[in-house]
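Start at 1 with the first residue, then count along the sequence. As the structure is a computational prediction, the values presented were derived from the model and not from experiment.
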Amino acid sequence: MGIFLQPFAWLLLFFYNLFNSYGLALILFAIVIKLVLFPVTLKSKKSMIQTTMLSGKMQQLQKQYGKDKERYNLEVQKLYEREKVNPMGGCLWSLIPMIVLIALYGIIREPMTYFMGLTMEQIQLLAGQLDWENAAVSNGWMTAAAMDKLREQLAEGKISDLFQNGSYNQMYLVSMINSENLASLQSFLNGQFAGAGDNLFVMNFQFLGLDLSKIPTWKFWAGGVSPSSLGLFVLPIASTAVSYLSMKVSMATNQMNSGTENKQMDQTNKMMMWMMPLMSLWIGFTVPAGLSIYWIAQYFTQMIQEVICGRMLKKDYEAARQAAAKREAEEKE
């Protein structure tokens with residue numbers, strides 16, 4: 001998995017080094033990834049149009065062989081092969097952006113591994129040099145009760161799992177590296193592993209006054225309301241709103257190639273229109289705020305791409321609508 005994630009990490013780190021801004025790096029990363037995947041989006045749209053244009057022939061086969069399922073499936077397969085259409089093409093191509101999102105999730109979770117090239121052993125030694133326990137509680141990474149439970153796990157010899165779980169421990173360890181302790185930490189690591197300390201650097205997680213290394217919380221008022229706590233709370237909400245708007249735009253362009261009402265497709269679209277934003281909301285409050293920045297940027301880029309796809313495929317959409325209208329007229333006759 002690390003081999004797959006590393007190129008994404010290099011790209012994100014390149015943008016970070018270029019602008020010294022984690023938030024700006026995430027935005028540029030999202031835009032570049034969407035641009036690279038634009039041919040995939042276009043192919044997905046074309047596949048949907050092709051499937052729609054075959055629906056008339058599919059209905060004919062249903063009338064002819066509907067009672068013989070085996071023969072019907074065979075004839076449908078022949079139809080797809082003859083027309084060179086992959087019925088799952090739209091779904092398969094649309095999964096690729098989700099794979100990229102999962103990749104970024106892993107990179108955000110383990111910046112010491114992917115940005116600084118540290119091994120698990122080196123990270124554990126580095127943690128011993130940092131007052132990470134107190135910082136985790138005082139900075140809101142963990143509650144005191146959660147830290148007590150973590151200490152119990154450490155006492156039971158479970159330290160090997162400490163920096164691999166879902167608590168984003170690497171993230172707050174990185175946030176504790178600053179200009180004051182960087183030199184001593186580099187010297188310490190170099191003393192244990194030759195050259196390992198040279199990979200350490202101070203990361204700037206500040207963006208628009210927000211610390212993107214922190215995980216937003218519903219209880220933004222806990223510990224006192226501040227622009228930072230309120231901003232972190234708003235980020236997942238904004239991500240959800242943009243996600244919903246993006247789904248609306250996507251549905252509008254998808255409906256361009258549908259000349260007749262498709263109740264099943266309409267139900268699926270409505271379910272996705274609510275499910276995706278709700279998933280964005282839930283994830284937004286369980287991962288570092290940086291991921292919400294990424295989602296907002298990629299959703300805005302996606303909306304622009306949807307409009308461009310609509311214009312590029314306008315003739316194909318028109319042909320699909322005419323085919324659907326002709327089919328509907330034949331059915332009425």
Side-chain angles (χ1 to χ4, degrees), residues 1-2 5-6 8-26 29 104-144 146-155 157-207 209-215 228 232 287-291:
M1 191 65 172
L5 294 180
Q6 196 59 61
F8 293 100
W10 287 334
L11 178 61
L12 187 56
L13 188 58
F14 169 78
F15 285 131
Y16 174 80
N17 289 331
L18 196 62
F19 297 99
N20 192 36
S21 171
Y22 190 57
L24 191 55
L26 287 170
F29 178 84
L104 185 65
Y105 168 86
I107 295 168
I108 288 179
R109 182 182 178 186
E110 301 177 3
M112 285 187 160
T113 299
Y114 292 103
F115 290 164
M116 302 178 184
L118 300 182
T119 65
M120 198 59 60
E121 183 182 2
Q122 292 166 351
I123 294 171
Q124 290 170 1
L125 287 173
L126 188 65
Q129 292 297 108
L130 291 165
D131 190 15
W132 65 272
E133 294 187 19
N134 291 331
V137 176
S138 62
N139 291 336
W141 289 99
M142 281 184 161
T143 64
M147 182 53 69
D148 289 338
K149 184 177 180 180
L150 188 56
R151 289 194 186 99
E152 291 177 8
Q153 292 177 333
L154 294 177
K158 297 181 179 179
I159 190 166
S160 61
D161 299 329
L162 178 56
F163 300 104
Q164 302 179 68
N165 60 29
S167 299
Y168 297 90
N169 301 294
Q170 282 196 31
M171 182 68 79
Y172 65 71
L173 281 180
V174 171
S175 69
M176 291 168 59
I177 300 175
N178 52 52
S179 57
E180 295 178 359
N181 61 18
L182 177 62
S184 61
L185 292 174
Q186 288 176 328
S187 177
F188 168 75
L189 268 187
N190 284 332
Q192 303 293 323
F193 303 91
D198 298 337
N199 297 325
L200 286 181
F201 62 92
V202 179
M203 285 196 69
N204 176 24
F205 289 112
Q206 294 297 318
F207 182 69
L210 305 178
D211 186 349
L212 299 184
S213 68
K214 290 188 175 182
I215 300 175
S228 176
L232 289 174
V287 301
L291 199 59

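- Rounding to the nearest 0.5 angstrom, the gap separating the CG atom in Leu12 from the CG atom in Leu26 is 5.5 Å.
- Closest non-hydrogen pair, Pro288 versus Leu212, comes out as CB-O, 3.7 Å.
- For the pair Phe201/Tyr16, a side-chain contact is recorded, criterion being any heavy-atom separation below 4.5 Å from C-beta on.
- Here the straight-line distance linking atom CG of Leu126 with atom CG of Leu200 works out to 5.5 Å at 0.5 Å rounding.
- Pairing each heavy atom of Val202 with each of Ile177, the nearest pair is CG1-O, 3.6 Å.
- Side chain of Asn181 to backbone of Met176: a donor-acceptor contact under 3.5 angstrom is found.
- Note: Met116 CE to Leu189 CG = 10.5 Å, rounded to the nearest 0.5 Å.
- Note: Ile123 CD1 to Glu110 CD = 7.5 Å, rounded to the nearest 0.5 Å.
- In this structure the side chain of Val174 never reaches within 4.5 angstrom of the side chain of Phe115, judged on heavy atoms.
- At a threshold of 4.5 Å between non-hydrogen side-chain atoms, the residues Asp211 and Gln206 count as touching.
- Note that CG of Leu173 and CE of Met112 are 4.5 Å apart. Values are rounded to the nearest 0.5 Å.
- Taking the side chain as every heavy atom from C-beta outward, Thr113 and Thr119 never approach each other to under 4.5 Å.
- Nearest heavy atom pair, residue Asp198 against residue Asn190, reads OD1-ND2, 3.3 Å.
- Aromatic ring centroids of Tyr22 and Phe205 lie under 6.0 Å apart.
- When every heavy atom of Ala196 is checked against every heavy atom of Gln122, the shortest pair comes out as CB-NE2, 3.7 Å.
- Glu121 contributes atom CD, which lies 3.5 Å from atom CZ of Phe193 (distance to the nearest 0.5 angstrom).
- In this structure, the side chain of Asn199 does not engage the main chain of Gly117 through any donor-acceptor pair within 3.5 Å.
- Proximity of a side-chain donor or acceptor of Tyr114 to a complementary backbone N or O of Phe8 within less than 3.5 Å is not detected.
- Within the 4.5 Å cutoff, the side chain of Ser175 has heavy atoms near those of the Ser213 side chain.
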